[in-house]
Amino acid sequence: MDQTGQKRENWGSRFGFIMAAAGSAVGLGNIWRFPYLTGMNGGSAFILIYLFFVFVICLSVMIAEFTVGRNSGKAAVGAYKSKSRNWTFAGVIGVLSGFLIMGFYPVVGGWALAYVVKSFTGLLAAPEAIGDSFGAFIGNPVEPLIWMALFLAMNIFIVSRGVAKGIETAGKILMPMLFVILLLIAARGLTLEGASKGVEFLFKPDFSVVTGQTFLAALGQAFFSLSLGMGCMITYGSYLNKSENLAQNAAIVTVMDTSAALLAGLAMFPAMFAFGFEPAAGPGLVFVVVPSIFAQMGALGPILSAFFFVALVVAALTSSVSLLEVVVAYLMDERSWTRKKAVYISSAIMVAMCIMASLSLGVMSGVTFLGVGAFDFFDILTDKIFLAIGGLLLAVFTGWFVDKEVLRQELTNGGTVSFALFEVWHGLIKYVIPVVIAVIAVTGIMSISQKGLMIFGLAVIAVLALVSKKL
Ligand code: PHE
């Protein structure tokens, strides 16, 4: 029972939980960001480093988030607070990150939605204009806002229906659909003449291009892609029943997320090489290069392109739903708000943030704060600062402030399931992971070129640490 006298919501089934958690993990990070980061960082060498971080660091962090969440039965803030008020701020940073990511993520989700329709309305008919039309579209003061609002409305619909009826149902339908679409497109790309060069680019490592920045990019991407470091998996874990095997579920979600990223790479690079496009195309890759590829595919082009953007919408939607849920669960747990009130009020604020983010790419591009527009402000603060620090705090909290026996009991369901690697996991979380994240995060944060923004982000964390005790 919680303060409002209601029983805590629960996932309806194991499959449903896995689909929801994988839905959170698989998102724009996999399909929009992973391929362009791979392209910019030398292909497979980046992928190898990424895989190392995912399976050595992030899998352990995900196990820790599930464990802390289920053990406390509370969302991000409550989970930390139930141990000590000194730690409340770590949860608050998570909720704040959720808000900030929702300040730009639905904007990109809206673009994807628009491109489903654009695939049929002449976008592919003029391949040479695809790049310019993307630039004009995102800079338009009205059109992207309408798509963003539509995308957010879908989030509101799903999250207001609750954990099992809303989030879980969406995941169960949308996730399998996403994998089928990606497989289909990858199969088409792989059978094109010249596709093998793309496969080679993805899987034959070239370490001459690896620098310190490659490690940074890989770690940041691993956290973002697995939805870690902001209490999302704590929140999802808090709805999990006591008979679930946490370590096994975390492994399944991690493997699904990684497969989705690799599949997205396979859906793009072979076709890209086959048609002679450049792999290092940056953030516009998905919206410019991908439609250009489909434009070469004749009658099948528009249909495959629409499928591709449906997959992107689906991936983005199940992730943004989890971001909204982090905020909503906090308001329900700690402020005793009803679910509907929490959804409506928080999404109203998110709409306002998204409007600023979208306009910052067009008519308001001259308006900056600490050297960046609203879109980059929300993105850089979370991706480069808050998520890494959130992950670091979670590892320190779990390793040093939660009793080892409590963790063992939680992870083995009171001794009924085995977790042979418990000692290894605990050693990683307690000693290795905090050091690795600290080294990479500190170098990363120091290398942010907008120094004002960097100081602002760190100041926010410091202020939260001082005032959050009272929350
Ligand atoms: N994992 C999501 C993606 O890859 C983004 C996300 C980050 C979702 C943090 C929830 C929490 O797009």
Side-chain angles (χ1 to χ4, degrees), residues 18-38 50 53-54 58-59 61-62 65-66 69 75-76 91 93-112 151 155 158-159 167 170-171 174-175 178-179 182 217-237 250 253-265 283 286 311-330 346 350 378-391 394:
I18 290 177
M19 289 302 125
S24 167
V26 179
L28 294 173
N30 302 61
I31 307 183
W32 176 57
R33 235 163 141 239
F34 178 80
Y36 85 71
L37 283 177
T38 304
Y50 173 78
F53 284 147
V54 164
C58 290
L59 175 56
V61 172
M62 188 182 291
E65 290 210 11
F66 283 165
I93 295 173
V95 174
L96 184 65
S97 306
F99 249 117
L100 291 172
I101 299 178
M102 281 303 272
F104 70 91
Y105 206 91
V107 175
V108 183
W111 297 347
F151 181 82
N155 281 273
I158 294 171
V159 177
I167 302 174
L174 298 176
M175 282 316 284
L178 168 70
F179 274 90
L182 284 180
L219 186 76
Q221 172 64 10
F223 266 89
F224 185 84
S225 186
L226 289 160
S227 305
L228 298 173
M230 53 149 300
C232 187
M233 293 304 177
I234 299 181
T235 307
Y236 273 23
V253 172
T254 304
V255 169
M256 282 181 69
D257 186 69
T258 309
S259 324
L262 293 176
L263 210 54
V286 157
L312 194 57
V313 172
V314 164
L317 185 60
T318 48
S319 297
S320 54
V321 154
S322 74
L323 288 158
L324 179 55
E325 178 64 17
V326 169
V327 178
V328 167
Y330 158 71
S346 45
M350 289 164 187
F378 300 144
D379 183 16
I380 296 174
L381 265 190
T382 47
D383 177 48
K384 297 245 164 62
I385 306 180
F386 289 173
L387 292 191
I389 297 213
L394 177 94

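Start at 1 and go down the list; that is how both ligands and their atoms are numbered. Just so we're clear, the structure is a prediction, and the values are computed from it rather than from any experiment.
Every residue two or more places apart in sequence or in another chain that forms a salt bridge (Lys or Arg N to Asp or Glu O under 4.0 Å) with E325 is listed here: R339. For D379, the salt bridge (Lys or Arg N to Asp or Glu O under 4.0 Å) criterion is met by no residue, not counting sequence neighbours.
Residues with a heavy atom under 4.0 Å from ligand 1: S24, A25, G27, L28, G29, N30, Y105, F224, S225, S227, M230, S319, S322, L323.
For the atom pair S319 OG and F224 CZ, the distance stands at 8.0 Å (nearest 0.5 Å). Rounding to the nearest 0.5 Å gives a distance of 9.0 Å between CG of L182 and CG of N30.
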Would you sort out whether I158 and L317 count as a side-chain contact (heavy atoms from CB on, under 4.5 Å), showing the intermediate values? CA-CA 10 Å; I158 294 171; L317 185 60; 3.9 Å; yes
Atom pairs and distances, side-chain donor-acceptor, residues 95-109, under 3.5 Å, sequence neighbours left out:
{"unit_1": "S97", "atom_1": "OG", "unit_2": "I93", "atom_2": "O", "d": "2.8"}
{"unit_1": "Y105", "atom_1": "OH", "unit_2": "L28", "atom_2": "N", "d": "2.9"}

